[in-house]
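Here's the structure, in C-alpha cells; my notes come after.
Here, residue 1 is the first one in the sequence, and each next residue gets the next number.
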Amino acid sequence: MISETVIIGGGVIGLAIAIELKLRGTNVTVLCRDFQAAATHAAAGMLAPDAENIPNGAMRSLCWRSRALYPDWTRKLEELTGLNTGYRACGILAPIFEESRGAGEQGSRGAGEQEKLLSSAPLPLCPSDSEESPAYWLNKEAIHQYQPGLGAEVVGGWWYPEDAQVDNKALAHVLRTAAESVGVELKDGITVEAFLQQQGQVVGVQTSAGMIRAAHYVLASGAWSNELLPLPVLPRKGQMLSVRIPEVSPELPLKRVLFGQDIYIVPRRDRLVIGATSEDVGFIPNNTPEGIQKLLQAAIRLYPQLKHYPIQEFWWGFRPTTPDELPILGTSHCQNLTFATGHYRNGILLAPVTAALIADLILEQKSDPLLADFHYSRFQSKSSTSTPMLTHSANFSNGHHSAISPLPTQDSPLIIAGKTFQSRLMTGTGKYRTIEEMQQSVAASDCQIVTVAVRRVQTKAPGHEGLAEALDWTKIWMLPNTAGCQTAEEAIRVARLGREMAKLLGQEDNNFIKLEVIPDLKYLLPDPIGTLQAAEQLVKEGFAVLPYINADPMLAKRLEEVGCATVMPLASPIGSGQGLKTTANIQIIIENAGVPVVVDAGIGSPSEAAQAMELGADALLINSAIALSPNPAAMARAMNLAAVAGRLAYIAGRMPIKDYASPSSPLTGTITS
C-alpha cells in the first residue's frame, strides 16, 4: 500500500505534523532513524519567545502564534492519550546582573524610557510598551522578594507572564503515543538515503528498508536534513544536565523558570533542568567537562543553592540551525515535497503552529502569508554584487575575445548520456584566487560543462562561498563531483546531494555526477575497486556517472559495462601539471571505448591539451592549469583553442611518419643552368 504522506523525521515537528494530517483524514507514515537522537530530547521545553527576546518580524509573530495554540494543543494530546505533557503557563523570570543593568532597565522589549521602579509596593511591576505580549521590570528588592534564593549579583530582572513551559521528554512520549493512537504508521530504525525524483516530483524515498512511495513527502529530519538535500541546515550541539532537588531542604524550592545570561534553569517536580551549550562541532557526540563546567558555573551564579544538589543526569543533542537561525518551512523545488526543518532552539515552541501551517499547505493548498519569510529560496536567490551572474563573455589582459568558429560539419557534437554539447573542454571551479577570476576563466573557455565539488559548496569552503550564485546555470551544465570522498559509501551519499543541488539551481533533469573515490591523500590516485562499486550503485539509481580513474583499460571497460556515461582516465596525478604520462594506456582505452573518453587531471599546458585531443579523446577536463596560471582567463582561452586544434587535427588525420626527409617543394620544373 502506498501511503498518502510520508514524513521523514520522527521528532516533535514530524510527529506533530503527522498527528494533524491524520486527524484531518490523511494516511501518514513517519520514518524515524533514531527517536532518542531527536532535538526534542536536547531541550528544556521553554516556550519563551519573550524571554529569548526574539526580534520583531515574522519569527516573533510565528512564535507568539504558536505559544497561543499551546493550551488547546496540549489539551487535545492529553485527551487522546490520557497522559500529561507537563504544560504550565508559569511565566518566565529573566534576572539581570550588574554588568547588564543598563540594558535591563531600559527594557529588553524596547520600552523606550526607563520605567519608574516602584520599590514601596510588595511586587512592583513596570510594564513595557509591548501590547501583544507584556513584560514587566522588577527592581532588585522586588525580584529577590518574588524569587528567593537568587544570586547576590542579581540587581533586577524581567518578568514575562505569558511565556510558559512544557516537559520536553513527556511531550515527546505523548506525541508518539498520540500518533499511534490515531493510526499514524511509525517506522523506527529507518534511515532515508535519498529522494528519487522525476520531472519535478518525488516518486519515492530510498531507505535502509527499501523504496517507500507516497503521494506527498515532508522533510522534517532536523539536523540531518542536509544529508538528503543541499539545504543550509547544520547541527548545533547542546549539552544539558539535571540536578535532583533534595527531599528535605531548608530552602524554598525554585518555582519559576529562570532565564539568565547563557543559562536557563527549569524546575520540574523533583529536579532542575540546566541548559544549554550551543556548539558548532558537527555531529560530535557526548558531554564534555568544559561544557558541563560552563553550565554549572553560570547556573550556580544565578541560583547558588543548587551547588548542594546531587547531579542526576547529563545528556546532549543536535539542534538544526540555519544561517539566519530561522526555520525552513513550506514548498520546495518538487511539487509534492514540503519542508519543515531548521527550527534550531524553537522546535518545541513552534510544533503546533508548524503542524497547522504545513497541514493547511498540503491538504488545502493554503499558504499562510507568514510562510513566505521562511521559504528555502531565501538562501538560493541572493546574487552577490561582487560576483555577478556569468555571461559568455569575459575580458582579460589583451582584450575581449571573439567567438570561436564552429568545428567542421564532418565532426559530430559531444554527446554524454543523451545530452549534446558543442564544447569539448570542461573546466572546474577550484583553486582560483577569487570568484571573479573563476567567472572570467569559465567565460573565456567557452565551456558548457563546469564541475563543482559538492562538499566544498555545502560547507562553504574557502573560495567556494557564493559559488552557486556566481555562474549562470541556465547556460552552463553543472557536473557535481564527489571530491573528498575516500570510500564508495561516502561518494554515493555525496552524489545524491549533488543531484539535489543541481535541481535546486534549476537543472531539474540533471542526473550527472563526476565520480571520485580517492583514499590516497598523497598522490590522489583513485581507488579502482571503490570506484566500480560506487558506479554500479549510482547507475542503478539513475545517475549518468562520469568516473575518474587511473588509465586502466580493463577498469574502463568494466565501468562501461555497468552503464557509466563516460570514462575519465588521468593523464598524470591531479594538479601535478606533469602532462601526458599515460599515453599508451589512454590510446588503448580510446580504441576500445563505446562511450566518450574524457582525459582528466595532470594536463599543464595547451600543447599537452592539444596532444590529448590528437590521440582521439572526446573531451578534456582542466582545472589546475587554468586556475594556477598568473592569468587564468587567458590560459582558459588558450586551453579552449588547444582543445579545438587537437580535435581538428584528430579529424583531419596526421601525416605519415617517415625515416628520411621529403622535400616540400616539387623536384620537377626546377630552374637549371
Side-chain angles (χ1 to χ4, degrees), residues 1-41 73 76-77 80-81 171-198 200-225 227-229 231 233 320 328-343 347 351-352 354-365 496 500 541:
M1 176 180 176
I2 296 178
S3 178
E4 287 183 42
T5 301
V6 163
I7 296 174
I8 298 99
V12 63
I13 296 296
L15 290 172
I17 295 170
I19 293 166
E20 185 69 22
L21 289 172
K22 185 64 179 178
L23 290 174
R24 297 194 195 186
T26 300
N27 289 329
V28 185
T29 298
V30 175
L31 308 180
C32 184
R33 180 202 322 234
D34 183 358
F35 181 62
Q36 296 303 319
T40 313
H41 301 282
W73 186 64
K76 178 174 67 176
L77 292 173
L80 285 171
T81 62
L171 178 64
H173 178 59
V174 170
L175 281 168
R176 191 169 176 83
T177 304
E180 291 173 338
S181 70
V182 299
V184 172
E185 184 178 7
L186 301 175
K187 291 181 176 288
D188 285 328
I190 301 293
T191 299
V192 176
E193 299 169 346
F195 286 102
L196 182 61
Q197 299 180 52
Q198 292 178 3
Q201 293 273 346
V202 177
V203 296
V205 285
Q206 185 172 329
T207 77
S208 55
M211 187 66 70
I212 296 177
R213 301 182 188 275
H216 201 95
Y217 302 81
V218 178
L219 180 65
S221 53
W224 290 267
S225 299
E227 294 186 355
L228 294 173
L229 292 171
L231 295 171
V233 181
I328 297 174
L329 304 172
T331 58
S332 75
H333 60 292
C334 288
Q335 296 175 2
N336 62 337
L337 171 63
T338 302
F339 291 151
T341 187
H343 289 75
T354 299
L357 293 177
I358 297 302
D360 286 346
L361 185 63
I362 293 173
L363 299 180
E364 303 175 28
Q365 289 74 55
R496 293 165 181 158
E500 304 312 317
E541 294 182 21

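Taking every heavy atom of both residues into account, A355 and E20 meet most closely at O-CG, 3.7 Å. For the residue pair G9 and V30, the shortest heavy atom distance occurs at O-CG1, 3.6 Å. The shortest non-hydrogen separation linking P320 to G222 is CB-C, 3.3 Å. Taking both residues in full, the closest heavy atoms of L77 and A178 are given as CD2-CB, 4.0 Å, listed atom of the first, atom of the second, then distance. For E4 against A214, the heavy-atom pair with the smallest separation is O-CB, 4.0 Å. Counting all heavy atoms, side chain and backbone alike, A351 lies closest to A16 at O-CB, 4.0 Å.
At a threshold of 4.5 Å between non-hydrogen side-chain atoms, the residues T341 and I13 do not count as touching. In this structure the side chain of L228 never reaches within 4.5 angstrom of the side chain of V205, judged on heavy atoms. Contact annotation: the side chain of V12 never approaches that of H343 to less than 4.5 Å [non-hydrogen atoms, C-beta and beyond]. Using a 4.5 Å cut-off on side-chain heavy atoms (C-beta onward), E185 and V6 make no contact. Side chains of E193 and E541 form no contact here, defined as non-hydrogen atoms less than 4.5 Å apart. At a threshold of 4.5 Å between non-hydrogen side-chain atoms, the residues H333 and F339 count as touching. Here the side chains of K22 and N27 are in contact, with some heavy-atom distance below 4.5 Å. Using a 4.5 Å heavy-atom threshold, the side chains of L186 and L15 count as touching.
Annotation: the span from T331 atom OG1 to N336 atom CG amounts to 12.0 Å, rounded to 0.5 Å. Atom-to-atom distance recorded for L31:CG and I212:CD1 is 4.5 Å, nearest 0.5 angstrom. A distance of 11.5 Å separates SG in C334 from CG in L219, rounded to the nearest 0.5 Å. Atoms CG and CD1, on L175 and I17 in that order, are 11.0 Å from each other to the nearest 0.5 Å. From L329, atom CG reaches atom CG of L361 across 10.0 Å, with rounding to the nearest 0.5 Å. Atom CD1 of residue I19 and atom OG of residue S181 lie 7.5 Å apart, to the nearest 0.5 angstrom.
For the side chain to side chain contact (heavy atoms under 4.5 Å, CB included) criterion with S221, the lone passing option out of I8, L229, V233 is I8. Of the options L363, L21, I7, I362, a side chain to side chain contact (heavy atoms under 4.5 Å, CB included) to H216 is made by I362 and by none of the others.
Proximity of a side-chain donor or acceptor of T81 to a complementary backbone N or O of T177 within less than 3.5 Å is not detected.
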